[in-house]
Amino acid sequence: MGKIIRLDEVTINQIAAGEVVERPSSVVKELVENAIDAGAKRIEIYLTNGGRQKIQVVDDGAGMEREDAILAIERHTTSKIREFTDLLNSNTLGFRGEALASIAAVSRLTLQTAVDPGVPGTKIRVEGGVLQTVEPVGAPRGTNICVENLFFNTPARLKFMRSIPSEVANVKEIVTSLALGYPEISFRLLHHEMKLVHTLGTGDSKQTLEQIFSPAICQELFPVAGAYGPLRITGFLGRPNIARGNRGQQYFYLNRRFFRSRLVAAAAERAYDTLLPVARFPFLLLNLELPPELVDVNVHPTKMEVKFRDEKEVFRGIVHIIREALAAHVVTSPWRTPYKPPAVFRREQPAAVPGKGEEAATGLETATTTSAPAQVKEASLPFAPGPPPAPAPTAGEGVAEPAAAQEVDGARVFTLFDTYLLWEEADALVLVDQHAAHERILYDRLRSGPAAMMQHFLAPLTIELTPTQLQTIQEEGERLRGLGWEFEAFGGEAIILRSGPQGFSAAEVEDLFLSLLNELGATGEARQVDPQERLLRLMACRQAVKAGDRLAPQEAVALIRDLRRTKVPQTCPHGRPTMVAINRTELEKMFQRR
Ligand code: ADP
Ligand code: MG
């Protein structure tokens, strides 16, 4: 008695019909998923000409009896469910019973399968959906399906195939996603002689990642594991420095099934928050587990989408779990954006070398003093709470500062180009961008209480607005009031501004206020970020010291100390690095010591 039965008509109609076979990668996906469902431990995929000429999938799974094999290539035949309600409890990847039939209908398909090595297996040939031959064959346990001349009988579909490299890349992505989801199965993908994927099936996710991605990526991954209500997540996250301009490095699994989801991506990106700039996307490998009754798996089986019963809770859970992992492995860790050496080390003009002895202490500062003395602008830092700044030096010109005033944890701090602060820390040279660092400090303060950084003007400012700005202020003015700006209508298109941030000239205040209005009225890509956030970022940016502002040594030290106390010291509110570390090994490489 075979395992396969014919589904009844009602069930057939209940299961959404859809296009199963679009291109070589969809064939690979269906065949490999069948192999996984059959309990294979090793799956090999061979492509010829990007799969147009040949796609072969060989597995060592359970195989099929003769009658089952014949039934399998007919439409709506499956061993995996009996009726629609089974779908909800189905833990197999396939269940619609139409993949093999669809593939066989548009190709020349050969299926060899054996259940038991002692008993002869079965070899079936189908052409354009028409059964050609069924014969016994000596074959190892498992199934070997060879799909040749895909779409040979449907020229219209043939035309939609992309270039060979594009089809190969697609297949590689599918196999990669499945291999990452099934670390206990060994996957091997070859295009002609070229090995594209090879995992060993050790069952260890970390090892599987290492078998797929380069060491440069793997060393920037760290584990995530946590629970939130019924949701459990395990997996790996990438540090900000391996983020990319697209979501190509994101792999999501729900109850072990690979899926795509804007919701999961958006929640994860929310958790990264200011660790990443807009339009940079993190590396994510996330295994979500949820009780099946909280998920609708049957939304779009081929599109690999999922519908969560309670999307808000799932979103919150993902943010929470990922935020905790990031806090532990990035934010509160000694991690700093590592210096990334250029592929080819370029020989450049030697930089100015600081003098010896006394001068060496402030040597780099001295070196730039001569290059651009005219533009030096005194920086006034609104270092609000924090420790009071060290008293201004009373000693005469040219006398060295007391060393303590210029040290962070005993390491001397230097300034470079009036833009960067440099010191030694944990076997590395750390460079801080003074503007980015100050932005982060101010942003944190603005978030915890903007009012403390605002002041009432002795003489209120009258500002003329454009009609668009006037409209924005009518619609969104409350957001500005929430940040401590006080203003009222003055008749016509003018307003009176009664308060604004400290330490600004009237012209600067007006300029900032108008920029905030324009930011609130902005459209396009800027809209991806919450308006309140954009205001905070803009205010922090405007108030922060600029590149080129000269910092007194004690200001530089205070800046670093304050930066370390912030919630996310590694990046500025726009997600750019505040600090870059060049470790000792890297320096040794540059000087060819190793
Ligand atoms: P589905 O996977 O949705 O059940 P398919 O058309 O993909 O439908 O496959 C039909 C049936 O053929 C499966 O239910 C399974 O019993 C059998 N089958 C397909 N591929 C394999 C395989 N590689 N090893 C064992 N059985 C297979
Ligand atoms: Mg299937």
Side-chain angles (χ1 to χ4, degrees), residues 220-226 228 231 233 235-247 249-250 252 261-286 288 311-337 433 435-450 479 482-483 519 522 525-541 543-544 562-580:
E220 301 299 348
L221 302 178
F222 57 90
V224 53
Y228 186 90
L231 173 70
I233 296 183
F236 287 86
L237 306 175
R239 294 199 180 87
N241 55 312
I242 55 161
R244 285 217 194 133
N246 58 54
R247 294 196 175 86
Q249 305 183 109
Q250 304 191 340
F252 307 144
S261 168
R262 291 287 301 196
L263 177 123
V264 178
E269 287 153 18
R270 172 72 57 84
Y272 274 78
D273 193 36
T274 57
L275 279 171
L276 285 176
V278 175
R280 298 292 289 175
F281 305 100
F283 182 107
L284 304 168
L285 170 62
L286 299 176
L288 280 69
E311 300 198 328
K312 286 202 179 116
E313 272 303 283
V314 171
F315 190 94
R316 259 181 235 126
I318 296 167
V319 174
H320 173 82
I321 293 167
I322 295 186
R323 213 171 252 170
E324 285 203 331
L326 285 168
H329 291 273
V330 176
V331 178
T332 59
S333 79
W335 180 82
R336 279 116 181 56
T337 301
D433 178 317
H435 173 69
H438 198 201
E439 261 188 322
R440 167 56 72 185
I441 295 163
L442 294 173
Y443 172 81
D444 270 29
R445 285 195 194 138
L446 282 165
R447 276 185 79 152
S448 56
R479 291 188 188 279
L483 291 175
E519 185 69 38
E525 189 163 296
R527 283 267 156 217
Q528 285 177 24
V529 180
D530 167 60
Q532 188 74 10
E533 269 296 308
R534 283 186 281 132
L535 294 185
L536 291 175
R537 290 175 195 183
L538 186 59
M539 281 180 66
C541 177
Q543 287 174 266
D562 287 355
L563 176 64
R564 287 176 164 185
R565 290 195 194 107
T566 60
K567 293 208 184 78
V568 184
Q570 288 89 350
T571 57
C572 82
H574 304 96
R576 289 187 288 269
T578 53
M579 301 183 255
V580 169

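Keep in mind that this is a model prediction, so the values were computed, not measured. Side chains are part of it too, since the values below use all heavy atoms of this structure and drop only hydrogens, waters and symmetry mates.
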For a side chain to side chain contact (heavy atoms under 4.5 Å, CB included) check, start with the C-alpha distance between H329 and L237, then their side-chain angles and the critical distance, and finish with the verdict. CA-CA 10 Å; H329 291 273; L237 306 175; over 6 Å; no

Going through the checks in order, is the side chain to side chain contact (heavy atoms under 4.5 Å, CB included) test met by E220 and W335? CA-CA 10 Å; E220 301 299 348; W335 180 82; 3.9 Å; yes

Worked check of side chain to side chain contact (heavy atoms under 4.5 Å, CB included) between E533 and Y443: CA-CA 10 Å; E533 269 296 308; Y443 172 81; 2.7 Å; yes

Show your working on salt bridge (charged side-chain N to carboxylate O under 4.0 Å, His left out) between D562 and R445 and close with a plain yes or no. CA-CA 11 Å; D562 287 355; R445 285 195 194 138; 3.3 Å; yes

Before giving the answer on side chain to side chain contact (heavy atoms under 4.5 Å, CB included), spell out for H435 and C541 the whole-Å C-alpha distance, their side-chain angles and the decisive distance to 0.1 Å. CA-CA 8 Å; H435 173 69; C541 177; 3.8 Å; yes

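For the side-chain hydrogen bond (donor to acceptor under 3.5 Å, both in side chains) test with R440, the passing option among T578, T274, T566 is T274; the others fail.
Within the 4.5 Å cutoff, side-chain heavy atoms of P573 are placed close to those of E439. Two residues are said to be in side-chain contact when any heavy atoms from C-beta on lie closer than 4.5 Å; M579 and L563 meet this criterion. Within the 4.5 Å cutoff, the side chain of L483 has no heavy atoms near those of the L446 side chain. A 4.5 Å side-chain heavy-atom check between L286 and I322 finds at least one atom pair inside the cut-off.
A donor-acceptor pair is defined here as one N or O able to donate and one able to accept, closer than 3.5 Å; such a pair exists between the side chain of R534 and the backbone of E519. Side chain of Q570 to backbone of V330: a donor-acceptor contact under 3.5 angstrom is found. Of the possible polar contacts, none joining the E269 side chain to the P282 backbone as a donor-acceptor pair under 3.5 Å is found.
Evaluation of the side-chain contact (heavy atoms from CB on, under 4.5 Å) rule for P577 yields T337, V580 as partners, not counting sequence neighbours. Checked against ring-ring contact (aromatic ring centres under 6.0 Å, His included), H320 has the following partners two or more places apart in sequence or in another chain: Y228. Residues forming a side-chain contact (heavy atoms from CB on, under 4.5 Å) with R270 (at least two apart in sequence, or on another chain): F315, V319, R323.
To the nearest 0.5 Å, the span separating OH on Y272 from CG on L326 amounts to 5.0 Å. Between atom CZ of residue R316 and atom CG of residue L231 there is a gap of 12.5 Å, rounded to the nearest 0.5 Å. In this structure, CD in Q249 is found 3.5 Å from CZ in R244, a value given to the nearest 0.5 Å. Rounding to the nearest 0.5 angstrom, the gap separating the CD1 atom in I318 from the OG atom in S261 is 6.5 Å. Rounding to the nearest 0.5 Å gives a distance of 13.0 Å between CG of N241 and CZ of R336. With rounding to the nearest 0.5 angstrom, the CG atom of D530 is 8.5 Å from the CZ atom of R537.
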